[in-house]
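The next block holds one structure in the form of structure tokens; read it before the comments.
Everything numeric in this text was worked out from a predicted model, so none of it was measured. Just the heavy atoms: all of them, side chains too, but no hydrogens, waters or symmetry mates, feed the values below.
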Amino acid sequence: MVRANGAVSLRELARVVQTSEVTVRRDVRALEAEGLLDRRHGGAVLPGGFTRESGFPQKSHLATAEKTAIADVAAGLVQEGEAIVVGAGTTTQELARRLARVPGLTVVTNSLLVAQALAHANRVEVVMTGGTLRGSNYALVGSGAEQSLQGLRVSRAFLSGSGLTAERGLSTSNMLSASVDRALVQAAAEVVVLADHTKLGTDTMFQTVPTDVITRLVTDEPPGHDDRAAMELQALADQGVHITVAGSGPGTAGAEAAPRGRQPRRGDVPLPGQRGSRHPGQQLRSAPLTGDPQDRQARVADLRRR
């Protein structure tokens with residue numbers, strides 16, 4: 001499965017082979033010891049580390065249920081009549097399918113897949129960047145794409161990537177894609193990152209969005225055994241990122257963890273003409289993890305319950 005898809009989550013492996021995630025994790029360790037794959041938090045990838053990037057066909061089969069839940073929550077952040085930018089990626093493509101129902105929306109994108117998802121939406125205007133087509137992810141990149149974004153100003157940018165850490169923020173394996181994503185960020189008052197749990201704690205070669213620029217992260221709930229992913233979420237919250245976890249409770253679209261003591265920055269200033277935000281889910285407060293191991297375990301358990 002890893003050879004076919006480039007990457008796969010432990011949750012998906014356990015479902016396909018009809019066994020427990022504990023068993024799958026043990027087998028993945030054995031395969032890594034033989035050099036057949038590299039473990040990642042919550043999943044496994046082909047060997048290649050920082051520089052390898054899976055193509056669209058491989059990414060489209062990874063964590064599909066999680067991406068759908070994330071897209072549902074992210075779509076709820078978009079207001080009628082807004083102007084936004086949407087970057088390339090399989091998760092942002094899922095978001096675009098839901099944005100087709102938002103009237104008066106203007107979407108600027110460098111992704112052919114995002115544009116295709118919105119092509120028949122009568123009440124949505126799609127603006128595409130220029131640039132050179134990168135076939136592996138159907139995105140326009142290069143100086144043409146970056147220049148077409150100069151002077152642009154929109155309310156929000158929705159971006160995905162190959163990895164997300166509290167230390168470096170969002171990153172990707174391709175230099176051209178990273179450069180265009182940085183230009184998309186410069187055009188937006190708020191930056192919303194869409195990343196499923198398999199990307200948490202993963203660091204790739206080119207930084208696209210530093211942590212202090214990310215306004216909000218929409219993700220899914222990490223598996224119960226994945227302490228590192230839960231601690232990565234806490235570290236992101238402590239650095240000022242609002243965390244929204246999709247599908248984290250019955251009857252709710254998601255639960256939201258608001259960072260403690262967050263300083264105002266550009267994403268906190270309402271834009272002219274914007275209505276009140278309507279973030280789905282309940283408000284939760286975050287607290288820093290201390291150096292006490294018992295306190296750390298209690299905080300991780302609390303994050304899981306949220």
Side-chain donor-acceptor contact under 3.5 Å, [X] with [Y]:
X: Asn174; Y: Thr172; result: no
X: Thr211; Y: Arg168; result: no
X: Ser171; Y: Thr204; result: yes

With distance as the sole test, does [X] use its side chain to make a donor-acceptor pair with the main-chain N or O of [Y] at under 3.5 Å?
X: Glu80; Y: Val102; value: no
X: Ser148; Y: Ala145; value: yes
X: Thr165; Y: Thr202; value: no
X: Asn110; Y: Leu140; value: yes

Side chains of [X] and [Y]: closer than 4.5 Å at any heavy-atom pair?
X: Ile70; Y: Leu95; value: no
X: Thr219; Y: Leu164; value: no
X: Thr109; Y: Val85; value: no
X: Leu99; Y: Val124; value: no
X: Ile84; Y: Val108; value: no
X: Val127; Y: Glu125; value: yes
X: Glu190; Y: Val213; value: no

Are [X] and [Y] ion-paired here, with the side-chain N under 4.0 Å from a carboxylate O?
X: Arg182; Y: Glu146; answer: no
X: Arg97; Y: Glu94; answer: yes
X: Arg156; Y: Glu82; answer: yes

Atom pair [atom1] ([X]) and [atom2] ([Y]), whose distance is rounded to the nearest 0.5 Å:
X: Ile214; Y: Leu236; atom1: CD1; atom2: CG; answer: 6.5 Å
X: Arg15; Y: Gln18; atom1: CZ; atom2: CD; answer: 9.5 Å
X: Leu184; Y: Thr129; atom1: CG; atom2: OG1; answer: 7.5 Å
X: Ile243; Y: Leu217; atom1: CD1; atom2: CG; answer: 4.5 Å
X: Leu200; Y: Asp220; atom1: CG; atom2: CG; answer: 7.5 Å
X: Leu118; Y: Gln116; atom1: CG; atom2: CD; answer: 10.0 Å

- Task: Applying side-chain contact (heavy atoms from CB on, under 4.5 Å), run through Ser177 and Arg134 and close with a yes or a no.
- Result: CA-CA 9 Å; Ser177 295; Arg134 185 166 180 258; 3.2 Å; yes
Shortest non-hydrogen contact from [X] to [Y]?
X: Pro222; Y: Ala229; result: CB-CB, 3.7 Å
X: Thr198; Y: Ser9; result: CG2-CB, 3.6 Å
X: Ala69; Y: Ala246; result: O-CB, 3.5 Å
X: Leu170; Y: Ser160; result: CD2-O, 3.3 Å
X: Gly87; Y: Val114; result: O-CG2, 3.8 Å
X: Gly142; Y: Val180; result: N-CG2, 3.9 Å

- Can you check side-chain contact (heavy atoms from CB on, under 4.5 Å) on Val78 and Phe158, steps first, answer last? CA-CA 10 Å; Val78 180; Phe158 291 87; 3.7 Å; yes
- Among Thr208, Val185, Leu194, side-chain contact (heavy atoms from CB on, under 4.5 Å) partner for Leu159: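 The single option meeting the side-chain contact (heavy atoms from CB on, under 4.5 Å) with Leu159 is Val185.
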- Query: Is there a path of hydrophobic side-chain contacts, each under 4.5 Å between heavy atoms of I, L, V, M, F, W or Y residues, that connects Val24 with Val22?
  - Reply: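 No; tracing contacts between hydrophobic side chains, which count when under 4.5 Å, never links both residues.
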- Query: When you look at CD of Glu32, are more than 12 heavy atoms from neighbouring residues, nucleotides or ligands closer to it than 6.0 Å?
  - Reply: yes
- Task: Among Thr90, Asp196, Thr91, Thr92, find the one that has a side chain to side chain donor-acceptor pair (under 3.5 Å) with Lys67.
- Result: Thr90
- Message: Could you walk me through whether His197 and Glu221 satisfy the side-chain contact (heavy atoms from CB on, under 4.5 Å) test, starting with their C-alpha distance in whole Å, then the side-chain angles of each, then the deciding distance to 0.1 Å, before giving a yes or no?
- Response: CA-CA 7 Å; His197 72 272; Glu221 185 176 0; over 6 Å; no
- Task: Given side-chain contact (heavy atoms from CB on, under 4.5 Å), test Thr68 with Arg98 step by step and report yes or no.
- Result: CA-CA 10 Å; Thr68 298; Arg98 288 148 181 82; 3.2 Å; yes
